Structure formats: structure tokens, C-alpha cells
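What you see is a predicted model; the values in this text were computed from it and never measured. Index from 1, following the sequence.
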Amino acid sequence: MPGVYISYPFCSQKCTYCNFASGVFTRNQQERYDVALVREIEAHVWQWQPETLYLGGGTPSLMEFGPLESTLSPIPSGALVEATMECAPGTVTAERATFWRSLGINRMSLGVQSFVPEELRRTGRRHTAQIVESDIQVLTGAGIRNINIDLIAGLPGQTLASWRESLSWVERLSPPHVSIYIFELDEDSNLGREATLGGIRYGAGLLPSDDAVAEMYELAVVELAGLGIHRYEISNFAKPGYQSRHNLKYWTGEPYAGFGLDAHSFNGGTRRGNVDDLNLYLDRMEAEQSPAGEASTVDAEEERFFVGLRLARGIQPTEGEWRRFRDPIEQSIRDGLLEREGGWLRLTPRGFLVSNEVFQNFIEVRAGLV
Ligand code: SF4
């Protein structure tokens, strides 16, 4: 069953590591966006009933009540089973949580990133561990118990000891879902520019080594498993029954429709992305033009193969795929990065750590480079 993704790119600060098409914009741009977004959704011809909805960004938890209601009301909701909102800690109030729940939002994804004050300060985030704890209490009090905590491994100044501190907060708060992202320095972020130009404000010189980050990730896998929160995708961990149904669509090749700035859609055969420049998006919508860029055709079988390998359960390659990718499969099995069990192929624990390397070998075969 398909999903819907809605982008709300407005934030109260620009985080130092962030390279998304999001940030601090003017009130006027926000008001124009609220109108444009509803217009884009209303113009959509629904060929299916969405099963999942995901409000991302940006910081959709900053959306005002009226625009949020207007954004969600044109979406067919009869088959919706999961509706997630990304949320910046510190933006939760009892009134908002009750309103979100009344609109059918039943899952929150909290952009915590770290529970350590100095690490948070360097990211530009303004919350504390205590704020996260209080937000979770308010959300559960309003009936939203399906909560994800995002953490980043590899932040400037992070050590194994400080990482343990963040993980101990996860144990204390016991969310049913945790996402662990490995920090990647992007040259278009403030941190990336600092790394290039030199400087000490954001801590670009304090990035932990690759080995240290790998150790943090491995520690998280073990500690979370001890809490009953098991890895089901490279970056995603959940208690039984709490895997993100929306995000699973990305890894199993199911269709989704995206609305708003830089939102992507996939209909099973082609993928298209909306423009990622806010003013261009607004201008196009106000001129009654499509905000979409060019569509690209996707080889559904290949797509299923590559994104499916991100899942802990792995994939069942077709006979043609076993033949076509025989060399990189055998090489990765010899290197201890992939394992085969019956008709299934999956990453090994070590393969999860260097998954990009594994995928690169397949991509080279696909591109005819080997
Ligand atoms: S990381 Fe999230 S909250 Fe921070 S600027 Fe980027 S989209 Fe906004």
C-alpha cells in the first residue's frame, strides 16, 4: 500500500550539519508556502488510498493549527494506519500534542541527535535531555506512544563515553523506535564549510575517527538489542511491531507521493522530485506551474535489489540477479560482508558497517565498470 510524504522546510535555526532544503525563512515565505502546499495536494489525483503519511522537513511540529489541518484534510484518510510527524524537541506542548492526535497523527519522530549538552550546542540545537524527557511524557499523555528518537554517531567532540551517555538516556526513556545515523560531513553545511576553511565554532576539527564512529555504531546495536530494540535496517531499530511502515516503503519499492519543497514521488516505475529552492517552488505554485523536476525512470527490479539489501532480513534475489551479480556477491561473501541463507542474501554485522563499500561493488557491475 502506498504512502504520502509532505515536506515542511521551516526551522527555528539552521543546524550546523544540515544540508537539507530547510532553514529559517521569512514569515511571508511561510504563509505563501502554507497556501502553495495545500494547492499542490488538492490538485493531486489520487489513484490509491494511502496507508502511511509522513510529515518531514524541516520542522513540521512548528506548523500552525490552521495550515496543518488544511494540509492534511485533502488527503484520503480511510486506509491510513500510520501518520508520522517529525518534531524538534522543545516544540511539544499539551495543546499541540492533543491537536496532532485529533488529526490522526499517531507517531512522532524526535530529532534528538544527542543527549550531551556540549554536542547539542555544536549542532545548533537548543534542547536538553530533560526537554526530550518532558516532550515524551506530554506526547504519551496525549495518546501518541509510537515515538522515534533520532541519534547521530560521529558528532564533533563525541567520544565513546559521551555516546554511552546518550544511549543511557535511550534506556531511561525506552522509546519503541530509534534511528542511528552515521555523521557525514557535507560540504554545503556550515560544519562542512568550517572544515574546508578552518575555524573552531562548530567543532569541525573535533570529528571522531572512522574507527571510533564504527565502535559507537556497534555499541548501539548491542545496547539497543539488550533493550529489545532490534536493527531492521542499517539506521533503524525497533521493538517488535514498531518498525516504521512508511520508511519500509522506501526499502521495499512501494509507491509514494511527495508534496512540498524537495519532496520526491515514486509510482513504481518513475521517480520525480520537486524543486529544492523555496522561492522557485513558491513562484511555480503561484504561477500554477508544476513544482516537479524531470522524472527519471527506475528499474524496479534493480531498485528492489539495492534498497532491499539495507534491510536486516535482506532480499531474495531472482535467478537473473544471482547470475548478474555473481562476482560481487561471491567477493562480498568471501570478505565476510554478505551472507547467504537459502534464497536470502543479507549484510553481515560487519557488512552493515561498510555497506557503502558493498553497494559500490554492485553499482560498478550495474554500470558495466567491471
Ligand atoms: S537538521 Fe532538521 S531542524 Fe536542523 S536545520 Fe536541518 S531540517 Fe531543520
Side-chain angles (χ1 to χ4, degrees), residues 1-10 21-22 25 27-87 91 95-109 142-144 146 244-247 249-250 254-268 270-293 295:
M1 287 279 277
V4 175
Y5 176 82
I6 296 171
S7 161
Y8 191 76
F10 300 90
S22 60
F25 299 102
R27 175 86 193 162
N28 176 263
Q29 285 170 308
Q30 184 191 317
E31 287 171 358
R32 289 168 63 201
Y33 189 84
D34 290 342
V35 174
L37 184 60
V38 173
R39 186 178 295 165
E40 188 190 358
I41 297 171
E42 282 179 343
H44 185 72
V45 179
W46 297 92
Q47 284 159 347
W48 33 260
Q49 293 273 320
E51 182 196 43
T52 63
L53 170 76
Y54 196 101
L55 277 155
T59 310
S61 57
L62 289 174
M63 274 182 103
E64 288 168 15
F65 288 7
L68 178 58
E69 194 165 15
S70 307
T71 299
L72 298 186
S73 62
I75 297 170
S77 59
L80 270 185
V81 293
E82 180 188 281
T84 304
M85 175 188 271
E86 283 185 353
C87 176
T91 59
E95 191 190 10
R96 281 180 173 166
T98 304
F99 183 66
W100 294 334
R101 188 70 197 90
S102 76
L103 293 180
I105 290 165
N106 58 10
R107 184 172 183 273
M108 297 301 282
S109 180
I144 305 177
N146 190 351
S244 163
R245 295 178 74 141
H246 183 83
N247 288 339
K249 296 188 187 311
Y250 300 138
E254 288 186 59
Y256 46 88
F259 302 97
L261 186 68
D262 200 26
H264 287 70
S265 301
F266 177 55
N267 65 7
T270 55
R271 177 174 291 122
R272 67 169 179 84
N274 280 353
V275 294
D276 62 3
D277 179 283
L278 179 62
N279 287 324
L280 184 57
Y281 175 83
L282 295 173
D283 289 345
R284 285 213 192 168
M285 289 308 300
E286 286 164 5
E288 299 192 6
Q289 294 169 353
S290 167

How long is the gap from [atom1] on [X] to [atom2] on [Y], to the nearest 0.5 Å?
X: Leu261; Y: Ile6; atom1: CG; atom2: CD1; result: 13.5 Å
X: Ser70; Y: Glu64; atom1: OG; atom2: CD; result: 11.0 Å
X: Leu37; Y: Ser7; atom1: CG; atom2: OG; result: 8.0 Å
X: Leu280; Y: Asp283; atom1: CG; atom2: CG; result: 6.5 Å
X: Met285; Y: Ser290; atom1: CE; atom2: OG; result: 8.0 Å
X: Leu68; Y: Ser73; atom1: CG; atom2: OG; result: 9.5 Å

What are the two closest non-hydrogen atoms of [X] and [Y], and how far apart are they?
X: Trp48; Y: Val4; answer: CZ3-CG2, 4.4 Å
X: Gly57; Y: Tyr5; answer: N-OH, 3.5 Å
X: Ser244; Y: Asn247; answer: OG-N, 3.0 Å
X: Gly258; Y: Ala263; answer: C-CB, 3.6 Å
X: Gln30; Y: Phe10; answer: CA-CZ, 3.4 Å
X: Pro9; Y: Ala21; answer: CB-O, 3.3 Å

Do [X] and [Y] have side chains that get closer than 4.5 Å, going by heavy atoms?
X: Leu55; Y: Tyr8; answer: no
X: Pro2; Y: Glu254; answer: no
X: Ile105; Y: Thr84; answer: no
X: Ile41; Y: Ile75; answer: yes
X: Ser109; Y: Cys87; answer: no
X: Trp100; Y: Ser61; answer: yes
X: Glu86; Y: Thr59; answer: no
X: Leu53; Y: Met85; answer: no

According to the interplanar angle, ranging from 0 to 90°, do the rings of Phe259 and Trp46 count as parallel (below 30°), tilted (30 to 60°) or perpendicular (above 60°)?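 Because their plane-to-plane angle lies in the 30° to 60° range, the rings of Phe259 and Trp46 count as tilted.
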
We want to know whether Arg272 and Asn274 form a side-chain donor-acceptor pair, criterion being a heavy-atom distance below 3.5 angstrom.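 Asn274 and Arg272 do have a side-chain donor-acceptor pair below 3.5 Å.
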
With no hydrogens and no angle check, just 3.5 Å: does a side-chain donor-acceptor pair link Asn279 and Gln29?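 Present: a donor and an acceptor within the cut-off.
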
Within 6.0 Å of CZ in Arg284, more than 12 heavy atoms from elsewhere: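 Check passes, neighbour count above 12.
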
Before accepting this row, confirm whether a basic side-chain N of the pair Arg101/Glu95 lies closer than 4.0 Å to the acidic partner's carboxylate O.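 Not counted as a salt bridge, because no side-chain N and carboxylate O are separated by less than 4.0 Å.
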
Would you mind checking if Lys249 and Glu51 are paired as a salt bridge, meaning a charged N to carboxylate O distance below 4.0 Å?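 Result for this pair is yes, salt bridge flagged.
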
Apply ring-ring contact (aromatic ring centres under 6.0 Å, His included) to residues Tyr281 and Tyr33 and explain how you reach the verdict. CA-CA 9 Å; Tyr281 175 83; Tyr33 189 84; 5.3 Å; yes

If you apply the rule side-chain contact (heavy atoms from CB on, under 4.5 Å), what do you find for Asn146 with Met108, and how did you get there? CA-CA 7 Å; Asn146 190 351; Met108 297 301 282; over 6 Å; no

Would Arg107 and Ile144 count as a side-chain contact (heavy atoms from CB on, under 4.5 Å) here? Give the steps. CA-CA 6 Å; Arg107 184 172 183 273; Ile144 305 177; 5.7 Å; no

Residue from Phe266, Tyr54, Tyr256 passing ring-ring contact (aromatic ring centres under 6.0 Å, His included) with Tyr250: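 Filter result, single survivor: Tyr256.
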
For Glu82, which residues count as a side chain to side chain donor-acceptor pair (under 3.5 Å) partner, sequence neighbours excluded?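 Not a single residue meets the side chain to side chain donor-acceptor pair (under 3.5 Å) criterion with Glu82.
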
Short side-chain to backbone donor-acceptor contact, Asn106 and Ala83, under 3.5 Å: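 Side chain of Asn106 to backbone of Ala83: a pair is present.
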
